[in-house]
Every structure is written in structure tokens, then in C-alpha cells.
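Here the structure comes first, spelled out in C-alpha cells, and everything after it is commentary.
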Amino acid sequence: MNPARGSLLGIEHLEAAEILRLLKFARRMNPDNPRFLLKGKRVLLLFYEASTRTRSSFEIAAKSLGAYTVLIQAAGSSIEKGESLLDTGYTVRAVGADVIVIRHPNAGAPYLMAQHVDVPVINAGDGLHEHPSQALLDAYTILRNKKTFKELQVAIVGDIFHSRVARSACHLLSKFGVRIILCGPPELAPFIATTIAPGVRVTRYLEDALRGTDVVMLLRVQKERLAGMQIDLADYISRYQMTTARLKIAKKDAIVMHPGPIIRGLELTSEVADGPQTRILEEVRNGVPTRMAVLARAMGKMR
Ligand code: NCD
């Protein structure tokens, strides 16, 4: 079965025009001024991995559109008893799901679900693969701050290897000709990452990535993800941590972004996290109108 119309499985195969349509529609979405485009619809949130921002903003987005939400987490559900992904999918469809939002540790899980269940499926993060709604809210945030993608340079710094956020961001930004520079040590920013999308460069040198940059996107560097890698966190901090002094290398009006959760003292200093150039909480806020647009599209209401 082909994925149902309105599914959002990744950014890679989404056309630039469709991305712009989504972003434009998101600008009309306001959770404080609800529009009940999804009145009475049931949004199933199927989370096989921890989440704070993504889950809560999908939930608030759905409710702001008048939908009901049901949250199913791996812990405490039949998933724990060994039920397969597809059987869980059939089950939530049988209880009446109109749309399924799924986060899963395996790349491709949302696609598998979408091939077997006849309702739109939205990928809320699948393994190391994609996190499309995050890329959309990041693009929304960039456009709100920079007005256009034209001539933009974006530096993405941190654990790119483990980051579905980085992959989706590269796919999205490259469709609009944005210069993308990935930066980190070889294990975290391997040169093969240049193949994610056209126009992506990789550098080991933070200065190189920051010079002339309009947007600094930081990524999480999580100890647990680094098992088996030769990463010395003290060395990482000394070479890549975003500090106020380093941020000065970027353009004067550069903004700092991070999908969260942030680790102060590792990826960035508190001074940067709470400084005037940071847009981290704005990103979280923008997650709501963006996901309202994603859900409205899923239900054919993006008009
Ligand atoms: C990220 C994720 O889960 O992919 N967070 C998010 O959804 N905002 C980033 C991460 O966990 O590194």
C-alpha cells in the first residue's frame, strides 16, 4: 500500500514548493486563536522513544485544531509485551485513529507503518534517519529571523552522525540553495555526510564553519550515544563548545539554534544559551504552529 496522502515521512522527497506551502500555512496557525480544522479527529501519538518538545507540541497542536489525542508510550503499553510495530498500528487504527504520529528508534519504522495502515502517518523522528517536523520548525524559525533563504549560510555543529535533525535540516535547506557547513570531529561529522544533500560541506575547524555564518545550529552531544567512539568530551569542549567569544566569529546578527535537549557546559555555555542571539525557546514555540500545519495537511485541511 502507498502511504496515505498527507503522510509526512521525511523531507528528502518533499518538493520545495510543498515545503513553502506548509511554512506559509504554519504562519496562519495560532494556538491562542484556535481554528477547529480537525474537529473531532483522533490523533494517535505513538512514542517508542523519550520526547518532551516534539510530543508536547504535537499534542498542543492537535488540540488547538480541535482534535483528540491519545498518547501511547512503549512503557506501559502492549509494546512492552512484545507486540510488533504493525500489530500496534492495526490496533490503533481499529480503535479509530485518523492520523498516527510516530517516533521510533528504527529508521524506516514510520514508512513501514504507512505502507500497512490506511491513515496518514507523521514521522516524529525515526532512528538516525529523519525528523521532518523539526526541520520544518527550524526552517520556520530561520525565515522568521532572516526573512529569506537567499544567500544564507548555516553552520551545523556537534554530533551530526547521530542526528536525524541534521539530516532533515540538510535536505530542507539544500533545496533552497542554503550553504550548509557541518562541523565536528571526524567521528561526529564524517566526510560521508557531504552526500546527504547537494551543497553540504564538512569541516573540522569551528572558525571555518562560523565565518560568514547567519545561523549556528548546535546539536546534542550525548555521552550514551558515543559508546565505542574515541571522543574525549574535554577535547570536544575545547574545540567545539559555543562560547560568546567564538560566536563573535559568525555574522554580527547570527542566531543560535538547537533542537534540544541542550546540555549546558558541553555544546554551549549558559551565557550563549541565555544570550541575545539564542532562538532555542523560540524554536520550541514555533513547533506548535508548524505541527498544526503538518496535522492540517495530513487531514487534507491545508487550504
Ligand atoms: C531531537 C531528537 O529527538 O531527534 N530532539 C527533538 O526532537 N527536538 C534531538 C536529539 O535528541 O538529539
Side-chain angles (χ1 to χ4, degrees), residues 8-12 26 45-62 71 73-75 101-111 122-142 154 156-173 182-185 187-189 193 196 215-227 229 231 233 236 240-242 255-268 273 278-292 294-295:
L8 179 66
L9 301 171
I11 296 291
E12 185 175 4
L45 303 163
L46 203 48
F47 276 72
Y48 290 76
E49 265 186 12
S51 171
T52 304
R53 282 148 274 267
T54 304
R55 201 189 92 191
S56 58
S57 60
F58 262 117
E59 191 158 348
I60 290 169
L71 171 67
Q73 282 169 298
V101 177
I102 175 172
R103 168 170 286 197
H104 198 281
N106 295 348
Y111 186 72
I122 295 169
N123 178 3
D126 62 330
L128 305 187
H129 178 223
E130 281 226 42
H131 193 348
S133 63
Q134 179 71 38
L136 289 166
L137 77 88
D138 285 339
Y140 182 94
T141 307
I142 291 172
V154 176
I156 306 182
V157 184
D159 186 357
I160 288 131
F161 181 80
H162 290 103
S163 181
R164 53 198 176 202
V165 175
R167 292 181 63 81
S168 287
C170 287
H171 284 307
L172 194 154
L173 297 171
L182 308 179
C183 180
E187 294 87 343
L188 303 187
I196 296 174
V215 177
V216 182
M217 190 183 284
L218 303 175
L219 296 175
R220 192 151 69 101
V221 177
Q222 192 199 15
K223 261 193 258 146
E224 295 70 30
R225 286 178 173 172
L226 306 181
M229 286 184 162
I231 304 283
L233 289 183
Y236 182 87
Y240 299 107
Q241 182 184 70
M242 198 52 54
I255 57 168
V256 176
M257 299 174 60
H258 192 309
I262 64 170
I263 308 178
R264 291 167 187 259
L266 177 51
E267 301 128 14
L268 72 179
T278 188
R279 296 293 183 275
I280 298 170
L281 287 178
E282 185 186 322
E283 282 176 86
V284 179
R285 239 186 329 271
N286 290 342
V288 178
T290 307
R291 288 174 172 129
M292 286 171 81
V294 167
L295 288 168

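In each ligand, atom 1 is the first atom listed, and ligand 1 is the first ligand listed.
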Revision key, fill the gap. Heavy-atom nearest pair, S57 first then R291, reads OG-NH1, 2.6 Å
Report every pair formed by an N or O atom of ligand 1 and a protein N or O atom separated by less than 3.5 Å, giving atom names and the distance to 0.1 Å.
residue: ligand 1; atom: 3 (O); partner: R103; partner atom: NH1; Å: 3.3
residue: ligand 1; atom: 3 (O); partner: R103; partner atom: NH2; Å: 3.3
residue: ligand 1; atom: 3 (O); partner: R164; partner atom: NH2; Å: 2.9
residue: ligand 1; atom: 4 (O); partner: R164; partner atom: NE; Å: 2.7
residue: ligand 1; atom: 4 (O); partner: R164; partner atom: NH2; Å: 3.4
residue: ligand 1; atom: 5 (N); partner: G260; partner atom: O; Å: 3.0
residue: ligand 1; atom: 7 (O); partner: T54; partner atom: OG1; Å: 2.9
residue: ligand 1; atom: 7 (O); partner: R103; partner atom: NH2; Å: 2.9
residue: ligand 1; atom: 7 (O); partner: H131; partner atom: NE2; Å: 2.7
residue: ligand 1; atom: 8 (N); partner: Q134; partner atom: OE1; Å: 3.3
residue: ligand 1; atom: 8 (N); partner: P259; partner atom: O; Å: 3.0
residue: ligand 1; atom: 11 (O); partner: R220; partner atom: NE; Å: 3.2
residue: ligand 1; atom: 11 (O); partner: R220; partner atom: NH2; Å: 2.8
residue: ligand 1; atom: 11 (O); partner: R225; partner atom: NH2; Å: 3.2
residue: ligand 1; atom: 12 (O); partner: R220; partner atom: NE; Å: 3.0
residue: ligand 1; atom: 12 (O); partner: R225; partner atom: NH1; Å: 3.2
residue: ligand 1; atom: 12 (O); partner: R225; partner atom: NH2; Å: 3.4

**Study point:** Test item: H171 side-chain N/O and I11 main-chain N/O as donor-acceptor pair under 3.5 Å
**Key:** no
Check your understanding: Any sub-3.5 Å donor-acceptor pair from R103's side-chain atoms to F47's backbone N or O?
Key -> no
**Study point:** All salt bridge (Lys or Arg N to Asp or Glu O under 4.0 Å) counterparts of R220, not counting sequence neighbours
**Key:** none
Point to revise | M257/E282 under side chain to side chain contact (heavy atoms under 4.5 Å, CB included): CA gap, chis, key distance, verdict | key: CA-CA 9 Å; M257 299 174 60; E282 185 186 322; over 6 Å; no
Check your understanding: Please walk me through it: do I102 and D126 pass side chain to side chain contact (heavy atoms under 4.5 Å, CB included)?
Key -> CA-CA 8 Å; I102 175 172; D126 62 330; over 6 Å; no
